[in-house]
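Step one of this worksheet: look at the structure below.
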Protein chains: 2
Amino acid sequence: MGNTHIAESGSVQSVDRAIAILEILAQRGESGVTQIAADLAVHKSTASRLMSSLLAHGLVEQVSDRGRYRLGLGLVRLAGAVTSSLDVVSGSRAVTRALAIQVGETVNIAVLDNNRVLYVDQVMGPSMVSMRSWLGQSVPTHCTATGKVLTAWLDKPSRIAARPDSWGKLAPNTITSGEALEKELAQVRELGYAVAYQEMEADFVAVAAPIRDVHDEVAAALVISGPASRLKPKDFDSLGQIVKASAAKLSGNPNYWRE
Amino acid sequence: MGNTHIAESGSVQSVDRAIAILEILAQRGESGVTQIAADLAVHKSTASRLMSSLLAHGLVEQVSDRGRYRLGLGLVRLAGAVTSSLDVVSGSRAVTRALAIQVGETVNIAVLDNNRVLYVDQVMGPSMVSMRSWLGQSVPTHCTATGKVLTAWLDKPSRIAARPDSWGKLAPNTITSGEALEKELAQVRELGYAVAYQEMEADFVAVAAPIRDVHDEVAAALVISGPASRLKPKDFDSLGQIVKASAAKLSGNPNYWRE
DNA sequence: ATGCGTGTTGCCCATGGCGCAACATTATGC
DNA sequence: GCATAATGTTGCGCCATGGGCAACACGCAT
């Protein structure tokens with residue numbers, strides 16, 4: 001995220017600055033007025049007034065009087081409206097709940113967002129091991145089943161843009177080169193689903209399939225996840241077919257899964 | 001939420017307007033530029049430019065070209081940073097996961113927000129029936145265990161301000177008068193926990209206890225919930241004691257659960 | 001083909017956003 | 001305990017930006 005915003009048609013500079021503050025706080029956790037002013041290259045009185053507006057609406061809050069600021073719960077309220085409207089329009093939760101019951105694991109929906117995976121809805125399965133809140137989390141594309149599904153059908157320049165900055169080994173089976181990833185994505189296109197078997201985290205397994213828009217393009221990914229002790233390689237193809245079937249029910253929705 | 005913003009020291013009018021747009025879209029689902037302009041009492045070119053800034057940052061998106069707007073997934077990303085930081089600072093998820101395992105039901109944390117209950121974190125239990133995403137949802141105070149906990153220890157004018165606008169019967173046991181609610185809240189203060197037994201929804205039961213700040217004031221509520229077929233009246237007191245014990249572990253955290 | 005409504009954008013000007021300076025408060029070092 | 005430094009806030013005045021107007025492009029209904 002660039003700190004200086006190049007003026008473009010129709011944008012409002014002070015609104016852009018206020019949103020940049022939210023993005024800085026999302027990355028840093030907490031910041032003071034002086035630090036925010038430095039990041040935005042504005043005077044600290046400017047930063048103080050922008051923070052004041054965000055504070056008044058609950059989008060930021062002060063950690064202590066005359067101290068540092070952090071993101072506020074007003075954002076949780078607004079995000080709740082987003083996830084509710086995802087369901088209102090697509091009816092996705094009926095499908096995701098049925099899938100969670102059928103396979104007994106956590107189910108999520110994710111989209112591609114700034115070349116990373118963003119989890120936008122979640123239904124948890126009965127497992128204790130998978131008690132984890134993915135909603136709102138952002139993860140890399142190369143080591144997640146959702147990321148593979150969201151990128152496999154992109155053109156090559158776009159697939160390359162979505163690759164990680166570094167190929168560190170995050171888990172026993174992390175893909176660590178562009179070549180290996182291209183072969184993996186070719187297989188995803190052939191099978192119609194993706195698997196991540198202990199690639200982002202040890203013991204963590206996910207199976208994902210594409211949710212397509214009316215133009216048959218991949219708009220989102222439907223994914224089930226759980227521990228390796230329960231999701232074994234011999235089951236991957238049957239699970240893949242099940243997830244594909246559920247994702248197909250969510251595909252073809254006009255005016256929804258658009259980026 | 002008033003549409004006209006009375007200028008106050010340190011606030012930035014165009015930022016206030018942009019946030020007001022987000023709040024309108026949260027309430028309405030979708031809106032057009034002309035409608036937003038009318039709500040804000042500004043020219044539609046002003047509304048169009050404000051929307052353009054929000055669009056550029058992903059806080060809104062267009063449902064279709066030259067059409068209506070809705071809240072964007074950028075808010076889900078920002079909210080994810082909020083719920084992650086709740087855990088980072090308070091370590092609440094270790095406690096909420098342990099509680100979910102212990103009682104086998106869904107666990108949530110909620111705060112009082114604009115005289116309503118706002119769910120800010122969630123761990124789901126093993127039950128299929130309780131598969132429901134509360135995160136970001138806002139519900140009334142009088143018919144929820146969390147709402148009773150969040151309001152019981154307020155002074156009387158604040159308790160009255162938190163009452164619903166109407167006393168409609170939402171479920172078999174909905175409280176339908178201020179007098180009955182006052183008696184209920186007195187009992188909550190005495191027991192140290194609250195129960196909602198089929199009050200907001202049929203078959204839905206919740207047991208909540210207060211999370212207190214360093215000043216011993218109620219900052220948030222910890223709640224377990226599930227269906228009436230599993231959570232029976234004879235169990236309420238033991239469940240209440242268990243939730244109180246878990247809430248106590250989350251209490252006394254400086255600089256966190258502040259409103 | 002025409003009329004209507006919506007959303008966008010160039011232009012210009014009035015105003016609101018901003019930087020400066022001063023101040024209050026808190027934290028830090030000695 | 002005191003002096004200094006750093007942070008955040010706020011009054012003031014200026015000017016750069018936000019915003020209204022008008023014109024335009026587009027989609028839809030008739």
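In the text below, chain A, chain B and the rest are named by the order of the sequence lines, each starting its count at 1. Note that this is a predicted model, so its numbers are computed, not measured.
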If you check the [X] side chain, which of [options] turns out closest?
X       : options                : value
B/Val12 : D/dT10, D/dG19, C/dG17 : C/dG17
B/Ser14 : C/dC18, D/dG18, C/dC11 : D/dG18
A/Gln13 : D/dT9, D/dT17, C/dG7   : D/dT17
B/Arg49 : D/dG19, C/dG17, C/dG7  : D/dG19

For this session: Just call it for B/Thr34: base, sugar-phosphate, or nothing, with non-hydrogen atoms closer than 4.0 Å on any strand.
Result: sugar-phosphate
Round to a whole Å and report the spacing from [atom1] of [X] to [atom2] of [N].
X       : N      : atom1 : atom2 : result
A/Leu50 : C/dG16 : CG    : C1'   : 13 Å
B/Asp16 : D/dG18 : CG    : C1'   : 14 Å
B/Arg68 : C/dG5  : CZ    : C1'   : 14 Å
B/Leu40 : D/dG18 : CG    : P     : 16 Å
B/Met51 : D/dG18 : CE    : P     : 18 Å
A/Leu55 : D/dG8  : CG    : P     : 13 Å
B/His43 : C/dT15 : NE2   : C1'   : 17 Å
A/Lys44 : C/dT25 : NZ    : P     : 15 Å

For this session: Return the 5'-most residue of the pair A/Gly32, B/Val42 with respect to DNA chain D, ranking by each residue's nearest nucleotide.
Result: A/Gly32
For this session: Please figure out whether B/Ser45 or A/Gln35 has its closest DNA chain D nucleotide nearer the 5' end.
Result: A/Gln35
Exercise. Any salt bridge between B/Glu217 and B/Arg212, counting N to O under 4.0 Å?
Worked result: no
Problem set entry | Salt bridge present between A/Asp39 and A/Arg28 (N-O < 4.0 angstrom) | yes
Exercise. Between B/Tyr69 and C/dT8, does any side-chain N or O lie under 4.0 Å from OP1 or OP2?
Worked result: yes
Exercise. Would you say B/Tyr119 and B/Thr146 make side-chain contact, with heavy atoms under 4.5 Å?
Worked result: yes
For this session: Would you check if A/Lys148 and A/Tyr193 make a side-chain contact, meaning some heavy-atom pair closer than 4.5 Å?
Result: no
Exercise. Is the backbone N or O of A/Gly80 less than 3.5 Å from a side-chain atom of A/Thr83, with the two atoms forming a donor-acceptor pair by type?
Worked result: yes
